[in-house]
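For reference, the structure discussed in these notes is given below.
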Amino acid sequence: MVVLSIIIGCLVGVILGVNAPTISYIYSDYLAISIVAALDSVFGGITATLKENFDFKIFVTGFFGNAILSILLTFIGNKLNVDIYLAAIVVFVGRMFNNLTMIRRFYLEKWSKMKENKTTAQEESKE
């Protein structure tokens, strides 16, 4: 169900992206940080699904909460003429890599177990 939602969301994003007007350079910082925050939430949701503790309420509140907080940091940083959003990008990207590492380990362990089960089944069939 979650994978289907992700695929539908990606398709809707592509359709909207193709038909959307070009975004001004003024808003590029805001868009970049909100995309990174959203991707962090998506990778966190996938990781939670694999750990079997996914909660939709936590996902949605984290998704919008991270995006809003990161946009506010960018806004405040622009007003102070300081690139505060870079700190948020570092944090979100670091979390994305951690979540990607957990996803990769999950599938590598699953693949190793499948391969191990095949090997033991082949050995048992030879006996």
Side-chain angles (χ1 to χ4, degrees):
M1 182 67 181
V2 173
V3 175
L4 181 63
S5 300
I6 292 171
I7 292 171
I8 291 171
C10 289
L11 290 174
V12 169
V14 167
I15 291 168
L16 290 176
V18 170
N19 297 320
T22 305
I23 295 176
S24 172
Y25 177 74
I26 298 169
Y27 303 113
S28 63
D29 291 343
Y30 298 104
L31 181 63
I33 192 70
S34 61
I35 288 172
V36 170
L39 283 174
D40 172 53
S41 296
V42 168
F43 279 116
I46 293 170
T47 302
T49 300
L50 295 177
K51 290 181 176 181
E52 297 179 354
N53 63 349
F54 179 80
D55 185 2
F56 187 72
K57 292 176 194 171
I58 293 173
F59 173 75
V60 170
T61 55
F63 185 88
F64 290 110
N66 287 345
I68 291 169
L69 177 64
S70 62
I71 289 171
L72 286 174
L73 281 174
T74 304
F75 178 75
I76 292 169
N78 284 343
K79 292 297 179 187
L80 296 173
N81 202 20
V82 178
D83 293 334
I84 298 175
Y85 73 94
L86 293 176
I89 286 180
V90 169
V91 170
F92 286 136
V93 170
R95 287 179 19 180
M96 283 171 43
F97 277 112
N98 284 338
N99 286 328
L100 188 60
T101 299
M102 289 184 229
I103 293 166
R104 179 182 49 87
R105 284 183 181 168
F106 176 83
Y107 283 113
L108 281 175
E109 289 174 5
K110 188 175 180 178
W111 181 69
S112 296
K113 287 178 184 178
M114 283 178 34
K115 194 171 181 182
E116 185 178 298
N117 289 341
K118 273 187 179 179
T119 306
T120 54
Q122 287 175 353
E123 290 174 359
E124 289 176 359
S125 67
K126 287 181 182 178
E127 295 174 359

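The figures here come from the full heavy-atom set of this structure, side chains too, leaving out hydrogens, waters and symmetry mates.
In this structure, Leu72 belongs to a hydrophobic cluster whose other members, linked by side-chain heavy atoms under 4.5 Å apart, are Ile68. Residue Val14 shares its hydrophobic cluster (ILVMFWY side chains chained together at separations under 4.5 Å) with Val18. Clustering of Ile, Leu, Val, Met, Phe, Trp and Tyr by side-chain heavy atoms under 4.5 Å joins Trp111 with none of the others.
Among residues at least two apart or in separate chains, ring-ring contact (aromatic ring centres under 6.0 Å, His included) pairs with a member in residues 31-57 are Phe54-Phe59. Legend: salt bridge (charged side-chain N to carboxylate O under 4.0 Å, His left out) pairs involving residues 10-22, not counting sequence neighbours: none detected. Each side-chain hydrogen bond (donor to acceptor under 3.5 Å, both in side chains) pair with one or both residues in residues 62-80, not counting sequence neighbours, appears once here: Tyr30-Asn78, Ser41-Asn66. Applying the side-chain hydrogen bond (donor to acceptor under 3.5 Å, both in side chains) test to every pair with at least one member in residues 49-62, sequence neighbours left out, gives no pairs at all. Note on residues 9-35: no pairs pass salt bridge (charged side-chain N to carboxylate O under 4.0 Å, His left out), not counting sequence neighbours.
The line from CD1 of Ile71 to CZ of Phe64 is 10.5 Å long, rounded to the nearest 0.5 Å. Atoms CD1 and CG, from Ile84 and Asn81 in turn, are 10.5 Å apart once rounded to the nearest 0.5 Å.
In this structure, Ser34 and Leu31 have side chains that are in contact, with non-hydrogen atoms separated by less than 4.5 Å.
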Can I get a per-line list of side-chain donor-acceptor pairs under 3.5 Å for residues 1-12, giving both atom names and the distance, sequence neighbours left out?
| from | atom 1 | to | atom 2 | distance (Å) |
| --- | --- | --- | --- | --- |
| Ser5 | OG | Met1 | O | 3.0 |

Residues 89-107, side-chain donor-acceptor partners within the protein, below 3.5 Å, at least two apart:
| from | atom 1 | to | atom 2 | distance (Å) |
| --- | --- | --- | --- | --- |
| Arg95 | NE | Asp40 | OD1 | 3.4 |
| Arg95 | NE | Asp40 | OD2 | 3.2 |
| Arg95 | NH2 | Asp40 | OD2 | 2.5 |
| Asn99 | ND2 | Arg95 | O | 3.3 |
| Thr101 | OG1 | Phe97 | O | 2.8 |

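Judged as a ring-ring contact (aromatic ring centres under 6.0 Å, His included), and not counting sequence neighbours, Phe75 has no contacts.
Clustering ILVMFWY residues whenever any of their side-chain heavy atoms sit less than 4.5 angstrom apart, transitively, puts Ile58 in a cluster other than the one holding Val42.
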